[in-house]
**Student:** 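Below: one structure in structure tokens.
When a ligand or atom number is given, it counts from 1 through the structure's own listing order. None of these values were measured; they are calculated from a predicted model. As a basis for the values below, the full set of heavy atoms in this structure was taken, side chains included, without hydrogen atoms, waters or symmetry mates. Position 1 is the first residue of the sequence, and the numbers go up from there.
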Amino acid sequence: MYPLCMIATSQVSDRLRDFGSTVFAEMTAMAVRHEAINLSQGFPDFDGPAAMLEALGRAAGDGLNQYAPLSGVPELRQGAAKWFQEFGGIEVDPVDWVTATCGCTEAIAATMLGLLNPGDGLVVFQPCYDSYQATASMAGARLIPVTLSPDERGEFVFEGASLREAFAASPRAILLNTPHNPTGKVFTRAELELIAELCVEHDTIAITDEVYDHLVYEGEHIRLAGLPGMAERTITLGSIGKLFSATGWKVGWAVASPPLTEAVRSAHQFLTFCANAPAQFAAAKALLEHLDTTEQLRMNLRKNRDLLCDALERAGLKVYRPASGYFVMCDHTRVSARLGLDGDAAFCGHLVKEIGVAALPPSSFYIDRSLGKRFVRFGFCKKHSTIEAAVERLAAL
Ligand code: GLN
């Protein structure tokens with residue numbers, strides 16, 4: 001017998017009550033229940049480099065199973081510094097500049113909790129990965145959204161005036177994600193230069209989530225930290241999950257100047273103390289010896305992108321073909337209207353139950369939820385055969 005529950009009302013704190021349960025857990029559970037092909041939560045259905053997987057077993061067998069140093073094992077920090085230097089980053093000292101975290105999601109949380117005081121302004125582009133909003137709420141930060149909307153060429157852009165207005169509120173920090181989830185936008189040099197200029201002018205710190213940096217299909221990934229005046233005021237985040245297709249390993253990192261690193265570590269030490277030790281050793285091997293394998297991954301996913309986007313267009317969706325990353329955003333309103341459905345959740349419910357494909361309703365990626373209702377996000381970070389199977393099912397739409 002389970003004990004009777006005497007507490008009948010929700011016990012969730014005010015900080016988190018509005019967020020409910022994350023859309024990723026919900027959609028993946030629905031995909032399993034309906035035996036649908038899961039293109040909702042962004043995780044690969046294939047493995048990263050074999051040498052990295054073997055190194056994990058070896059690390060565990062060699063007794064590297066106790067706490068890692070709080071800031072991360074030296075090899076991982078070296079590897080992350082090497083990764084950071086790619087795409088126009090700068091040379092940094094791994095000892096003072098790099099902190100290993102439990103995936104990028106913890107890096108985001110540690111950064112916000114370590115850096116922001118209650119009431120501090122935080123500029124974010126919406127749509128954004130849902131943990132940004134929840135973590136900002138935990139830190140007591142005040143979100144200042146700037147909206148990315150498709151222009152006539154189908155590219156997601158923001159208005160310079162909106163960004164200037166956001167900075168006029170004297171934000172403590174801006175949180176930027178480039179390449180961007182869920183739109184696949186790669187922020188251009190001109191856009192990054194404007195952000196950098198405003199950061200310097202308003203003495204604002206930049207937090208950049210760059211976990212999709214190796215997956216650019218068109219354009220060029222540029223690190224904000226590499227722009228003039230930004231090295232000292234930028235915290236750059238990355239992870240092994242996306243770089244080497246091992247999202248379950250939960251190994252990520254934050255690269256930042258020593259005063260910002262102190263802020264990140266001040267929270268990280270009490271959140272998790274350290275990231276998974278054997279996985280850090282194995283991830284380090286991949287970073288130091290196998291960064292070249294990401295090129296093959298990029299080519300495979302680009303092929304998937306094209307196959308899936310073509311099928312979604314045939315199904316009648318307005319497709320915003322992404323320049324990078326794992327995901328494609330579409331406008332479903334034409335198809336929804338035909339089917340008598342209203343909103344992203346209803347459309348995704350139909351897809352998962354009737355078509356056998358799970359996609360993500362992205363309104364929880366918007367601070368102003370209503371802006372996301374017309375969109376749907378599909379992931380193509382899968383084996384080619386998985387995308388082929390999904391394409392076959394989508395023909396029924
Ligand atoms: N970042 C991934 C996505 O957007 C998944 C993150 C998660 O499951 N929490 O799909």
**Student:** In residues 335-342, what donor-acceptor pairs under 3.5 Å come from side-chain atoms, sequence neighbours left out?
**Tutor:**
| residue | atom | partner | partner atom | Å |
| --- | --- | --- | --- | --- |
| Ser336 | OG | His332 | O | 3.3 |
| Ser336 | OG | His332 | ND1 | 2.6 |
| Arg338 | NH2 | Leu397 | O | 3.3 |

**Student:** List below, pair by pair, the N or O atoms of ligand 1 and of the protein that are less than 3.5 Å apart, including the distance to 0.1 Å; reply 'none' if no pair qualifies.
**Tutor:**
| residue | atom | partner | partner atom | Å |
| --- | --- | --- | --- | --- |
| ligand 1 | 4 (O) | Asn181 | ND2 | 2.8 |
| ligand 1 | 4 (O) | Arg377 | NH1 | 2.9 |
| ligand 1 | 8 (O) | Gln41 | NE2 | 2.7 |
| ligand 1 | 9 (N) | Tyr129 | OH | 3.1 |
| ligand 1 | 10 (O) | Gly42 | N | 2.7 |
| ligand 1 | 10 (O) | Arg377 | NH2 | 2.7 |

**Student:** With sequence neighbours left out, which residue pairs that include part of residues 388-397 fulfil the side chain to side chain donor-acceptor pair (under 3.5 Å) condition?
**Tutor:**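 As it turns out, there is no side chain to side chain donor-acceptor pair (under 3.5 Å) pair with a partner in residues 388-397 once direct neighbours are skipped.
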
**Student:** Quick one: which residue pairs count as a side chain to side chain donor-acceptor pair (under 3.5 Å) with a foot in residues 227-237, not counting sequence neighbours?
**Tutor:**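 For residues 227-237, and leaving out neighbouring residues, the side chain to side chain donor-acceptor pair (under 3.5 Å) pairs sorted by first residue read Asp203-Arg233.
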
**Student:** Check for me whether Arg223 meets the cation-pi criterion with Trp83, that is, NZ or CZ under 6.0 Å from the six-membered ring centre and within 45 degrees of the ring axis.
**Tutor:**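 Yes.
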
**Student:** Less than 6.0 Å separating the ring centroids of Phe156 and Tyr320?
**Tutor:**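 When the ring centroids of Phe156 and Tyr320 are compared, they turn out to be within the sub-6.0 Å range.
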
**Student:** So, do Tyr326 and Phe43 have ring centers that fall under 6.0 Å from each other?
**Tutor:**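 Ring centres of Phe43 and Tyr326 not closer than 6.0 Å.
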
